[in-house]
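Heads up, the thing below is written out as structure tokens.
Positions are given from 1, in the same order as the sequence printed here. Not measured: the values here are computed from a predicted model.
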Amino acid sequence: MNIFGIIILATLLADYLLNLVADYYNLQALKPELPEEFEGVYDEETYRRSQEYTRVNTKFGFVSSAFSLVLILVFWFAGGFNWLDQIVRGWELGAIWTGLTYIGILILAKSILSLPFSIYSTFVIEEKFGFNKTTPKTFVLDMLKGLGLGIVLGGPLLAGILAFFTYFETYGWLYAWGAVTAFTLFVQFIAPTWIMPLFNDFEPLEDGELRQKIENMAASVNFPLQGIFVMDGSKRSSKSNAFFTGFGKNKRIALYDTLIEKHTDDELVAVLAHEVGHYKKKHIIQNMAISILQTGIMFFLLSVFLNAGGLYEAFYMEQPSVYTGLIFFGMLYAPIDMILSIFMQVISRKHEFQADRFAAETTRQPETMVQALKKLSKDNLSNLTPHPFYVFLNYSHPPVLERIKAIRGQR
């Protein structure tokens with residue numbers, strides 16, 4: 001066990017224990033008394049179920065995360081990475097195809113082993129709390145479509161990354177950075193019309209009062225729209241949501257059918273005004289720029305550590321390679337990734353406050369936005385009293401009570 005192995009092992013254990021502590025505190029923070037702010041929105045039974053939903057998911061997380069940790073440690077210390085490498089090398093596929101096959105087998109194996117957890121989460125937990133609408137057929141088709149997209153889109157990208165680091169040692173990281181950046185922008189551009197329709201149906205919102213109100217709101221803040229669509233979210237879950245897709249001048253609004261069913265027109269306009277706020281405040285561009293910068297730093301560090309013999313020795317490898325180095329560096333990079341993730345969560349929560357304020361000012365109906373947040377929390381059985389440490393580690397959105405106070409200028 002050299003220094004690389006010690007760092008990676010310590011990171012795996014620290015990450016597991018840190019999340020374990022956060023989950024424990026989060027369970028302790030559950031309060032039997034309904035917060036006064038939600039009286040009249042939650043009844044006693046709904047509030048009890050929301051707390052039980054948090055407990056069940058947290059305990060399920062204990063099991064799934066422990067399984068993942070044990071799995072990676074057993075495979076590592078049993079020499080599994082080298083064992084698989086020797087098998088794949090024996091097929092003499094060439095450098096790039098060997099790397100694609102090696103990584104593909106690991107991804108497929110992990111997917112198969114995690115499948116029981118995904119099935120239990122969907123068909124037991126979500127079913128128990130009335131959320132699941134996914135049929136076994138839809139579940140299987142989603143997996144197959146995801147696998148197909150991974151091969152068609154992810155395969156060539158991974159092949160390019162492996163080729164850049166294999167044949168262009170000095171500037172390979174720059175080429176990989178440029179390729180991933182271009183790929184990310186390309187996928188965002190084609191996702192609304194080519195990828196997302198593979199999983200859901202999108203129907204134009206019918207002409208009527210709701211459509212008119214949305215268009216008026218968008219026009220009032222000079223936000224161009226190409227289309228307003230209703231997505232059949234109820235195909236998989238009764239939970240509600242809304243989002244924007246596309247960028248540049250071609251922006252689309254997508255509303256879950258479940259959201260439309262449960263909210264008034266004014267509440268829906270407030271929710272969408274919040275999403276518009278992210279664009280007007282340039283949050284999307286900021287996040288994209290930070291993500292691109294992080295990718296560049298990661299690839300540069302990868303180029304530095306790919307030639308570190310100790311990294312391969314820590315995993316008992318007989319022969320170093322770009323593809324195994326890519327995997328091992330990902331594990332070595334985990335502490336930096338954890339810090340960056342927390343930093344991004346802090347920025348994201350700040351952005352959510354700003355978008356809430358934008359929605360309140362744009363619609364001039366702050367209490368309508370408050371009411372929409374309350375309904376969303378109730379319909380999704382959100383935890384109303386999360387522990388601050390858990391929020392710090394995991395929340396991209398502020399707790400709903402903090403958002404309500406901020407909208408009212410009480411924070």
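Using a 3.5 Å distance cut-off with no hydrogens or angles, the side chains of N132 and E127 do pair a donor with an acceptor. Using a 3.5 Å distance cut-off with no hydrogens or angles, the side chains of N19 and D15 do pair a donor with an acceptor. For the residue pair D266/T368, the side-chain donor-acceptor check at 3.5 Å is not satisfied. A side-chain N or O of D85 and one of Y323 form a donor-acceptor pair less than 3.5 Å apart. Side-chain N/O atoms of S118 and S121 include no donor and acceptor closer than 3.5 Å. A donor-acceptor contact under 3.5 angstrom links the side chains of S321 and T324, judged on distance only.
F243 CZ: more than 12 foreign heavy atoms inside a 6.0 Å radius. Shown here is Q28, whose CD atom has more than 12 heavy atoms of other residues, nucleotides or ligands within 6.0 Å. The environment of E206 atom CD is sparse: at most 12 non-hydrogen atoms of other residues, nucleotides or ligands sit within 6.0 angstrom. Counting non-hydrogen atoms of other residues, nucleotides and ligands closer than 6.0 Å to OH of Y171 gives a total of 12 or fewer.
Heavy atoms only, all atoms of each residue included: M369 and V271 are closest at SD-N, 4.3 Å. Taking all atoms of both residues into account, the shortest heavy-atom contact from R349 to V391 is NH1-O, 3.0 Å. Between R211 and I228, the shortest heavy-atom contact is NH1-O, 3.8 Å. Closest approach of P398 to E402, counting heavy atoms only: CB-OE1, 4.3 Å. The minimum heavy-atom distance between Y42 and S382, with the atom names listed, is OH-O, 3.8 Å. Taking every heavy atom of both residues into account, L302 and G325 meet most closely at CD1-O, 4.1 Å.
Screening K281, H278, H283 for a side-chain hydrogen bond (donor to acceptor under 3.5 Å, both in side chains) with Q354, the sole residue that qualifies is H283. Of the residues R48, R49, R55, the one that meets the salt bridge (Lys or Arg N to Asp or Glu O under 4.0 Å) test with E52 is R55. For the ring pair (Phe, Tyr, Trp, His ring centres under 6.0 Å) with F67, the qualifying choice from F60, Y120, F117 is F117, the only one to do so.
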Step-by-step side-chain contact (heavy atoms from CB on, under 4.5 Å) determination, E352 to H274
CA-CA 8 Å; E352 293 303 321; H274 168 95; 2.8 Å; yes
Does the ring pair (Phe, Tyr, Trp, His ring centres under 6.0 Å) test come out yes or no for F223 and F244, once each step is laid out?
CA-CA 12 Å; F223 184 82; F244 284 98; 5.2 Å; yes
Could you walk me through whether Y102 and I327 satisfy the side-chain contact (heavy atoms from CB on, under 4.5 Å) test, starting with their C-alpha distance in whole Å, then the side-chain angles of each, then the deciding distance to 0.1 Å, before giving a yes or no?
CA-CA 10 Å; Y102 184 88; I327 295 171; 3.6 Å; yes
Take L268 and K213, measure what side-chain contact (heavy atoms from CB on, under 4.5 Å) needs, and give me the verdict at the end.
CA-CA 9 Å; L268 291 169; K213 286 184 177 181; over 6 Å; no
Please step through ring pair (Phe, Tyr, Trp, His ring centres under 6.0 Å) for the pair F4 and Y312, ending with a clear verdict.
CA-CA 9 Å; F4 291 105; Y312 302 94; 9.1 Å; no
Pair T98-T101, side chain to side chain donor-acceptor pair (under 3.5 Å): steps then yes or no:
CA-CA 5 Å; T98 296; T101 303; over 6 Å; no
Please determine whether side-chain contact (heavy atoms from CB on, under 4.5 Å) holds for the pair S377 and L384, giving the CA-CA distance in whole Å, both sets of side-chain angles, and the decisive distance to 0.1 Å.
CA-CA 8 Å; S377 297; L384 300 182; 4.1 Å; yes
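With hydrogens and angles disregarded, a donor-acceptor distance shorter than 3.5 Å links the side chain of N26 to the backbone of H387. Of the possible donor and acceptor atoms, none in the side chain of T11 sits under 3.5 Å from a partner among the backbone N and O of L332. In this structure a side-chain-to-backbone donor-acceptor pair under 3.5 Å is present from T362 to F358. Under a 3.5 Å cut-off, the side chain of S348 and the backbone N or O of M344 do not form any donor-acceptor pair. Judged by distance alone, with hydrogens and angles left aside, the side-chain atoms of R408 form no donor-acceptor pair with the main-chain N or O of P366 at under 3.5 Å. D257 places a side-chain N or O within 3.5 Å of a backbone atom of G233 that can act as its donor or acceptor partner. Listed for the K374 side chain is a donor-acceptor partner under 3.5 Å among the backbone atoms of E37.
In this structure, the ring of Y175 has its center no less than 6.0 angstrom from the ring center of F165. W177 and F299 have their aromatic ring centers separated by at least 6.0 angstrom. Between Y53 and F131, the ring centre distance stays below 6.0 Å.
Counting heavy atoms from C-beta on, the side chains of E44 and L34 never come closer than 4.5 Å. Counting only heavy atoms from C-beta outward, the side chains of L255 and L272 approach each other to under 4.5 Å.
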Which donor-acceptor pairs under 3.5 Å do the side chains of residues 68-84 make with protein atoms, sequence neighbours left out?
| unit_1 | atom_1 | unit_2 | atom_2 | d |
| --- | --- | --- | --- | --- |
| S68 | OG | S64 | O | 3.1 |
| W76 | NE1 | A314 | O | 2.8 |
| N82 | OD1 | Q86 | NE2 | 3.4 |
| N82 | OD1 | E318 | N | 2.9 |
| N82 | ND2 | E318 | OE2 | 3.1 |

